J.: 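One structure, as structure tokens, below. Some questions next.
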Amino acid sequence: MTPFPSEITPPRLWLDRRQALALTGAALAGRVASASAADDITPREAATRHNNYYEFSPDKAAVWKLAEDFRTTPWTVMVDGEVERPRRFDLDELLRLFPQEDRLYRLRCVEGWSMVVPWRGFPLAALLKRVAPTSRARHVQFISVLRPSEMYGQRRPMLDWPYTEALRIDEAMHPLALVATGLYGTALPPQNGAPLRLALPWKYGFKSPKAITHIRLVEQPPVSTWMQAAPSEYGYFGNVNPEVPHPRWSQRRELRLGELAKRPTLPFNGYAAEVASLYAGMDLARNF
Amino acid sequence: MPAWTSPGISSGRLLTLLCFALGASPALRWGWAFIAGTLGPDPIAALTHASGWWAMGLLLATLAITPLRRISVWLSRAVALHCGRRIGDWNALIRQRRRLGLWSFGYAVVHMALYLGFDAGTLRAYAQDLAERPFIAIGSAALLLLLPLALTSTQWAIRRMKRHWLRLHKLVYAAVALAALHGVMQAKLGHRSAWVFAGIALALLGFRLAAHAWGMRARPETVTAPASAGRTAASAAPAERRCGAASPAADRRPPRPSGTTRRSRCS
């Protein structure tokens with residue numbers, strides 16, 4: 001396979017990444033939380049062959065195969081809505097504008113499995129600040145690509161395509177919120193959401209949309225795809241919470257890919273120290 | 001006996017072998033996949049789903065046998081009446097019903113054991129699951145209903161229990177209804193097999209209801225001799241005219257001795 005233009009990294013940036021990698025340990029131990037020492041990195045094979053990506057298939061084992069021929073170039077991301085400088089970014093431009101960082105995050109799927117993924121990307125806050133949100137920007141809506149010609153799952157009316165998700169502006173501005181463009185030191189493979197997706201480690205995986213083409217800043221809270229499909233099961237926040245049961249999967253425990261027995265699930269997926277203050281005073285059982 | 005009986009191997013033996021292969025093949029395949037490491041990064045979930053799928057599939061197969069026999073007997077009679085030719089029916093399938101049922105129960109036990117052992121892990125977690133997710137309680141109830149059926153699936157039990165055996169084994173209707181509900185409730189969006197199974201279960205239960213409502217028995221052997229003779233006589237004449245058969249078809253079908261009827265009802 002020929003590399004994507006976005007995969008060919010300028011040496012300056014590449015050296016920066018090297019430096020960033022060396023710093024990862026220190027950075028992760030400090031302000032930016034990481035998965036803890038007990039969290040071994042999930043084998044790349046598992047993270048890239050076990051994907052919930054309904055645009056291709058509801059079958060996690062089939063996605064990587066179905067996504068093989070997904071075209072990610074050219075790719076642009078429109079950022080508009082309640083912003084002072086709405087504009088369309090080219091993918092290469094995004095990579096040039098925002099320094100790439102390596103982040104080791106736990107990912108907890110609402111289906112009761114989890115993994116530990118070394119992402120590469122840039123803070124969502126950096127992108128949002130670039131377009132200067134107005135005072136009326138209270139929520140950020142993310143819209144994924146609609147391309148049924150290549151995304152087989154979109155030919156079935158399972159969900160209301162295209163996939164959309166949303167965050168409150170303070171969640172989107174949180175330093176843990178990452179726009180991921182790579183994993184395991186390489187560009188994102190199509191099955192993991194190439195060319196860019198979100199990584200929000202304190203929320204269930206469905207809150208991190210893949211293959212984003214449009215980001216809209218809005219005043220009213222948008223209704224996400226899963227809220228629309230099953231409002232009783234999926235709320236606006238989607239924060240990992242073992243105390244809020246789901247009708248199909250236990251949220252009290254999770255299977256770390258590669259292991260056989262389940263382990264307890266932590267509130268906010270173990271990132272409570274960093275993000276719990278965002279929800280101070282809220283009834284998390286009702287605002288799930 | 002089916003018409004395709006070959007001289008070397010009896011059709012009954014062949015059916016038994018086929019059923020054994022059907023029942024054993026998934027377990028062998030999973031054993032191999034586990035060793036080869038091709039079950040994916042979450043092998044327990046994969047096996048839990050697969051064993052549930054096969055438990056349900058084989059349970060539906062056991063329930064499909066009676067309608068299949070009923071239809072095949074009806075077909076063979078119709079052909080005999082209208083064309084004067086005797087074709088085979090599929091009554092031999094009845095001998096495989098308990099075997100398929102036991103395979104189904106076996107996979108249901110594997111399904112439950114994987115869930116209890118690896119997913120829930122503790123009885124406390126199981127109790128929480130029962131309270132939080134009704135589909136787990138419903139699935140557990142279905143397995144509980146299958147347990148006495150599996151335990152009484154020996155020849156000895158059939159002889160000892162006599163007519164009570166049939167009454168007890170009517171529990172399978174409740175079990176399949178609960179199992180279908182369990183499947184549909186746990187199915188995530190976009191997964192269709194549980195819905196297909198539920199549809200088949202509904203059709204198979206509907207067949208019994210319809211057969212009951214129309215006043216005919218679902219089991220072909222229980223059709224009483226006078227009723228059968230009457231129906232045959234009524235339709236024999238036009239059949240003769242249409243197909244030009246030499247003699248009424250009913251003459252070619254030897255009457256069933258009542259002794260064999262009772263035994264085959266229970267096998």
Side-chain angles (χ1 to χ4, degrees), chain A residues 42-64 109-115 152-160 206 225-226 228-230 233-234 242-264, chain B residues 29-30 33-53 110-140 181-196:
Chain A
T42 301
R44 188 182 198 281
E45 168 93 0
T48 55
R49 294 284 167 97
H50 194 78
N51 311 98
N52 253 333
Y53 201 166
Y54 269 58
E55 279 88 335
F56 288 101
S57 167
D59 178 358
K60 291 187 280 293
V63 168
W64 70 270
C109 179
V110 75
E111 295 180 3
W113 54 272
S114 63
M115 52 187 179
Y152 304 94
Q154 285 186 341
R155 299 179 195 175
R156 284 170 65 187
M158 282 180 291
L159 292 168
D160 188 16
F206 70 86
T225 300
W226 281 111
Q228 194 186 352
E233 296 174 21
Y234 307 106
E243 296 305 320
V244 176
H246 187 277
R248 284 189 295 286
W249 305 286
S250 174
Q251 304 305 17
R252 296 181 187 280
R253 54 187 190 268
E254 67 199 52
L255 188 281
R256 186 61 53 84
L257 293 188
E259 296 176 356
L260 289 181
K262 293 207 166 181
R263 60 168 70 199
Chain B
R29 218 170 50 234
W30 302 337
F34 192 82
I35 294 165
T38 55
L39 285 171
D42 192 353
I44 299 299
L47 286 180
T48 307
H49 271 115
S51 54
W53 193 96
V110 169
H111 180 64
M112 183 71 167
L114 286 171
Y115 157 72
L116 277 181
F118 292 96
D119 189 337
T122 63
L123 283 177
R124 188 167 162 270
Y126 179 47
Q128 275 175 341
D129 282 1
L130 286 177
E132 281 177 1
R133 284 172 294 152
F135 85 88
I136 291 184
I138 290 169
S140 303
L181 190 61
H182 165 80
V184 164
M185 287 175 78
Q186 65 77 42
K188 74 168 185 172
L189 192 75
H191 280 199
R192 289 175 283 203
S193 67
W195 291 94
V196 173

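Within every chain, numbering begins at 1; the chains are lettered A, B, ... in the order of the sequence lines, protein sequences first and strands thereafter. Just so it is clear, the model here is predicted, and its values are computed rather than measured.
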J.: Given 3.5 Å as the limit, does a donor-acceptor pair link the side chain of B:K188 with the main chain of A:R248, or not?
T.: no

J.: Tell me every residue that passes salt bridge (charged side-chain N to carboxylate O under 4.0 Å, His left out) with A:E254, counting only those two or more places apart in sequence or in another chain.
T.: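 A:E254 satisfies salt bridge (charged side-chain N to carboxylate O under 4.0 Å, His left out) with A:R108, A:R256 only.
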
J.: Does any backbone or side-chain atom of B:D119 lie under 4.5 Å from a heavy atom of chain A? Answer side chain, backbone, both or neither.
T.: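 Both backbone and side chain.
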
J.: Locate the shortest heavy-atom distance separating B:P43 from A:L260; write the atom from each residue and the value.
T.: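 Shortest heavy-atom contact: CG-CD2, 3.8 Å.
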
J.: Between A:A47, A:S250, A:A261, who has the most heavy-atom pairs with chain B when the cutoff is under 4.5 Å?
T.: A:S250

J.: Using side-chain heavy atoms (C-beta onward) and a distance below 4.5 Å, is A:E111 in contact with B:D42?
T.: no

J.: Find the one option among A:L255, A:D59, A:T42 whose heavy-atom pairs under 4.5 Å with chain B are most numerous.
T.: A:L255

J.: So do B:R192 and A:R156 actually touch side chain to side chain, heavy atoms under 4.5 Å?
T.: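 A:R156 vs B:R192: side chains touch.
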
J.: So how far is it from B:L189 CG to A:E233 CD, rounded to the nearest 0.5 Å?
T.: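 The distance works out to 9.0 Å.
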
J.: Heavy-atom distance under 4.5 Å to chain B: side chain of A:L257, backbone, both or neither?
T.: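 For A:L257, heavy atoms of backbone and side chain both lie under 4.5 Å from chain B.
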
J.: Where does B:A120 contact chain A at under 4.5 Å (heavy atoms): side chain, backbone, both or neither?
T.: both

J.: Considering only heavy atoms, which portion of B:F135 lies under 4.5 Å from any heavy atom of chain A: side chain, backbone, both, or neither?
T.: side chain

J.: I need the residue from A:R252, A:H246, A:K60, A:M115 with the largest number of non-hydrogen atom pairs under 4.5 Å to chain B.
T.: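 Of A:R252, A:H246, A:K60, A:M115, A:R252 has the most heavy-atom pairs under 4.5 Å with chain B.
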
J.: Is A:P245 close to B:R133 at the side-chain level, that is, under 4.5 Å between some pair of heavy atoms?
T.: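 They are not in contact (no side-chain heavy atoms under 4.5 Å apart), so the answer is no.
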
